[in-house]
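Values reported hereafter were calculated over all heavy atoms of this structure, with side chains retained and with hydrogens, waters and symmetry mates removed. Whatever order the structure lists ligands and atoms in, that order sets their numbers, starting from 1.
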Amino acid sequence: MPEISTLITDIYALIKRKDGWFNDALAGSFATTMAGKLQEQLGERQKTSTLRLSKMGPSCPKALWYSIHHPELAEALPPWAEIKYSYGHIIEALAIVLSKAAGHEVSGEQDAIVLDGITGHRDCVIDGCIVDVKSSSSRGFNKFKDKTLAQDDSFGYLDQLDGYVLGSHSDPLVRTKDRGYLLAIDKTLGHMCLYEHEVSHDREEALKERIRVYKEIVGSPTAPACECGVTPDGSSGNLRLDLRASYSAYKHICFPGLRTFLYAAGPVFLSKVVKRPFNKDGPIVEIDKDGNKVFTFV
Ligand code: SF4
């Protein structure tokens with residue numbers, strides 16, 4: 001019986017073979033997995049939203065509330081971000097089909113998991129172990145490779161994995177009950193690695209407490225207060241959003257009248273503009289909430 005510990009070396013050995021191992025059955029399996037993943041990214045969006053195991057990472061309470069009660073108010077992703085995420089899903093589907101082709105036992109793909117009333121869909125079970133597949137940038141990949149993800153898990157990957165492992169306790173497909181794995185792929189370089197994660201009693205308690213708190217937040221009829229702040233933008237008198245707010249899809253709700261300027265290092269969000277930002281070429285380009293250029297006379 002194959003062991004998950006040899007998954008990566010088996011995949012690398014498979015790729016080196018030139019004996020036509022990629023057959024019609026594997027092509028069909030890849031197409032089905034890829035279509036399912038792309039449907040999630042590009043298919044029709046649900047009008048209602050619910051708490052999901054995939055969203056159990058750290059979250060701003062106000063953004064969480066809006067994501068359930070008013071998801072339509074979230075800033076739309078730019079087209080290139082949708083393409084980037086779609087590309088990630090294609091790579092993830094490839095990792096699953098390569099696992100199968102390398103002789104590992106892959107089952108339970110996209111099965112629904114429920115923990116404390118919260119549903120999620122795991123990627124798959126490989127050799128009796130819960131596996132979630134993650135594509136990442138080369139920089140992000142280092143966290144998997146160097147085993148430092150637990151110190152900086154900003155996307156909540158381990159919280160999500162905890163949910164899938166804990167919610168699969170009574171599933172006969174899952175023979176390893178105390179840990180799960182992240183199968184990571186570097187989108188740029190094609191490197192793969194397997195990150196093992198033990199679901200300790202403390203992590204179980206922490207996840208269950210977070211589920212309780214998140215249910216309480218979204219169960220409230222009103223949104224929590226804004227937790228983000230602003231900082232001076234140099235000595236101009238302008239005020240810019242702090243880092244967390246800058247990345248928030250709901251920042252325009254917390255900061256009505258927010259203005260966006262495209263600095264060379266990336267967009268800067270100003271909640272107060274005393275002096276219009278300039279660089280050596282003139283006024284810095286301003287865009288509106290939908291990404292359209294704002295024309296102003298200086
Ligand atoms: S701007 Fe800050 S407080 Fe407001 S929703 Fe976004 S992250 Fe939360």
Side-chain angles (χ1 to χ4, degrees), residues 41 45-82 84-85 118 120 134 136-137 139-140 143 149 151-160 162-163 206-207 209-234 236-263 265-274 276-277 284-292 294:
Q41 185 68 40
R45 304 291 157 90
Q46 289 184 337
K47 298 213 169 34
T48 55
S49 190
T50 53
L51 281 176
R52 315 256 322 147
L53 286 178
S54 56
K55 300 284 180 219
M56 283 300 132
S59 179
C60 155
K62 186 168 180 178
L64 178 68
W65 189 93
Y66 268 96
S67 72
I68 302 299
H69 290 266
H70 290 291
E72 77 284 0
L73 296 181
E75 279 172 41
L77 284 176
W80 47 90
E82 297 269 11
K84 182 179 70 173
Y85 292 137
I118 306 296
K134 300 293 183 197
S136 76
S137 63
R139 194 154 157 249
K143 289 192 216 170
L149 180 64
Q151 283 100 66
D152 183 15
D153 185 20
S154 44
F155 293 113
Y157 288 161
L158 297 178
D159 300 295
Q160 183 183 359
D162 286 341
L207 180 63
E209 174 59 10
R210 183 169 288 166
I211 289 175
R212 188 192 67 72
V213 170
Y214 281 10
K215 280 181 177 172
E216 200 172 285
I217 290 168
V218 304
S220 166
T222 52
C226 174
E227 291 183 347
C228 289
V230 292
T231 51
D233 186 40
S236 61
N238 297 344
L239 294 177
R240 63 193 288 167
L241 295 197
D242 65 23
L243 199 61
R244 178 163 87 149
S246 295
Y247 282 104
S248 169
Y250 297 98
K251 54 183 166 292
H252 286 272
I253 290 169
C254 290
F255 298 92
L258 194 63
R259 296 174 67 182
T260 307
F261 293 91
L262 299 181
Y263 283 57
V268 169
F269 304 96
L270 299 181
S271 64
K272 180 180 174 190
V273 180
V274 174
R276 196 183 199 290
I284 292 179
V285 171
E286 180 177 4
I287 56 169
D288 66 16
K289 192 164 164 282
D290 301 314
N292 302 312
V294 175

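With salt bridges taken as basic N to acidic carboxylate O contacts below 4.0 Å, none links Lys62 and Glu227.
Taking atom 6 (Fe) of ligand 1 as the reference point, the nearest protein heavy-atom neighbour is Ser248 OG, 2.3 Å.
Heavy-atom contacts of Cys254 reach the following atoms of ligand 1: 1 (S), 3 (S), 4 (Fe), 5 (S) (cutoff under 4.0 Å). Close approach to Cys60 involves these atoms of ligand 1, each under 4.0 Å from a residue heavy atom: 3 (S), 5 (S), 7 (S), 8 (Fe). Within ligand 1, the atoms closer than 4.0 Å to a non-hydrogen atom of Glu227 are 3 (S), numbered from 1 in the order shown.
Contact annotation: for Cys226 versus ligand 1, heavy atoms closer than 4.0 Å belong to both the backbone and the side chain.
Under 2.8 Å from atom 4 (Fe) of ligand 1 lies no N/O/S atom of Cys228, from backbone or side chain alike.
Counting all heavy atoms, side chain and backbone alike, Lys143 lies closest to Ser154 at NZ-OG, 4.0 Å. Nearest heavy-atom pair across Ile284 and Arg276 is O-NH1, 2.9 Å.
Evaluated for a side-chain contact (heavy atoms from CB on, under 4.5 Å) with Phe261, the options Leu270, Val294, Ile287, Asn238 yield exactly one hit, Leu270.
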message: Quick one, Lys272 with Asp233, criterion side chain to side chain contact (heavy atoms under 4.5 Å, CB included). Give me CA distance, side-chain angles, the key distance, then yes/no.
response: CA-CA 10 Å; Lys272 180 180 174 190; Asp233 186 40; over 6 Å; no

